[in-house]
Amino acid sequence: ALVIITSLAVLVALFGQNFWDWWNSPKIRLTLKNKEPHIVWDYSHGLIKKLFRIKIINRGNNVAKNCYAKVLSVSPQPKEKFFEPDTLKWSSAPKDIRYINDFSKEPIYREKKDITPKKGWEFCDLFSCLMGDDRITFISSGIREFLAWEKLYFVKIEICGDNIKPKKAILKISYSK
């Protein structure tokens with residue numbers, strides 16, 4: 001019995017903190033659905049636009065700090081433009097004026113956001129479609145836009161943060177009128 005207790009004490013001393021760090025770490029999941037609230041209709045400027053958002057959920061026990069999502073690739077590759085990795089915008093992120101030297105310029109949206117633990121969530125804007133047009137516009141820092149020649153696209157997304165392992169997901173999107 002003394003050997004078992006001593007062995008457990010040694011294991012706890014060596015790996016205890018690593019175990020609790022893993023146990024309390026943020027656990028990120030994401031969802032994309034073809035219904036509200038994942039879809040927002042925009043009727044401004046006399047146009048009908050559909051905005052698609054991914055929901056990023058933290059099921060862990062600690063805050064996921066400085067999270068950001070990026071589009072890594074789109075396949076098949078759009079014919080018009082070479083697609084480079086690009087950071088998406090958080091739906092609820094306030095504009096950040098800390099990095100603007102010239103205040104006549106438009107503030108930018110923050111690209112990093114904390115996600116609260118225990119099923120806390122945030123929406124991240126993915127892309128929009130203008131009704132009656134075959135253009136898909138990714139809501140990212142580069143506002144990537146391309147004509148949807150193919151019926152089906154696969155979008156690879158990565159979610160990163162200070163205290164989470166990068167999580168990759170492949171989403172299937174299609175444009176239909």
Side-chain angles (χ1 to χ4, degrees), residues 26-59 63-100 105-116 119-161 164 166-177:
K27 292 168 181 51
I28 299 297
R29 305 263 186 261
L30 65 96
T31 61
L32 175 67
K33 297 180 182 174
N34 198 12
K35 61 181 180 178
E36 293 180 357
H38 289 80
I39 294 177
V40 176
W41 291 91
D42 179 8
Y43 298 100
S44 62
H45 309 295
L47 304 170
I48 302 172
K49 195 185 288 187
K50 242 176 155 178
L51 174 63
F52 291 84
R53 309 185 300 182
I54 53 175
K55 186 176 184 180
I56 301 174
I57 305 163
N58 180 3
R59 295 178 185 240
V63 173
K65 295 180 182 174
N66 290 323
C67 295
Y68 60 96
K70 17 180 214 185
V71 175
L72 296 179
S73 65
V74 176
S75 72
Q77 186 80 18
K79 292 181 172 83
E80 293 86 2
K81 295 180 181 179
F82 177 74
F83 205 90
E84 298 173 2
D86 207 359
T87 305
L88 297 172
K89 294 179 181 176
W90 293 102
S91 301
S92 62
K95 292 188 177 183
D96 193 346
I97 60 170
R98 289 181 297 171
Y99 306 109
I100 295 181
K105 292 184 179 177
E106 181 73 19
I108 58 170
Y109 286 97
R110 274 195 323 206
E111 295 178 343
K112 296 186 177 185
K113 190 142 180 83
D114 293 345
I115 303 174
T116 58
K119 296 189 181 177
W121 53 269
E122 293 288 340
F123 277 115
C124 194
D125 295 336
L126 182 57
F127 68 94
S128 65
C129 296
L130 185 63
M131 302 281 81
D133 191 4
D134 290 343
R135 292 189 189 278
I136 293 175
T137 305
F138 282 90
I139 310 299
S140 59
S141 56
I143 308 290
R144 310 284 179 170
E145 182 179 271
F146 64 90
L147 280 171
W149 296 102
E150 308 290 334
K151 297 207 184 289
L152 189 64
Y153 287 94
F154 294 93
V155 180
K156 187 185 237 182
I157 293 179
E158 182 178 57
I159 299 157
C160 302
I164 62 173
K167 179 162 181 76
K168 292 182 182 174
I170 296 177
L171 307 171
K172 180 172 68 169
I173 62 171
S174 70
Y175 187 94
S176 60
K177 292 182 181 182

Smallest heavy-atom separation, Ile115 atom then Gly120 atom, equals CG2-O, 3.7 Å
Lys27 atom NZ: more than 12 heavy-atom contacts under 6.0 Å: yes
Distance in Å, Asn58 CG paired with Thr116 OG1, rounded so as to fall on 0.5 Å steps: 7.0 Å
Minimum heavy-atom distance between Ile39 and Lys33, given as atom pair plus value: CG1-O, 4.1 Å
Provide the closest heavy-atom pair for Phe52 versus Cys129 in the form atom of the first, atom of the second, distance. CE1-SG, 4.3 Å
What closest approach, in Å, do Glu158 and Pro166 show between heavy atoms, and which atom pair accounts for it? OE2-CB, 3.5 Å
Does NZ belonging to Lys156 count more than 12 external heavy atoms closer than 6.0 Å? no
Looking only at heavy atoms, the pair that brings Thr87 and Tyr68 closest together is CG2-CB, 4.4 Å
When rounded to the nearest 0.5 angstrom, what is the spacing between CD1 in Ile56 and CD1 in Ile159? 4.0 Å
Value for CG (Leu32) from CZ (Phe127), rounded to nearest 0.5 Å, stands at 6.5 Å
Between Lys119 and Ile57, which heavy-atom pair has the shortest distance, and what is it? CA-CG2, 4.0 Å
Quick one: SG on Cys160 to NZ on Lys112, what's the gap to the nearest 0.5 Å? 9.5 Å
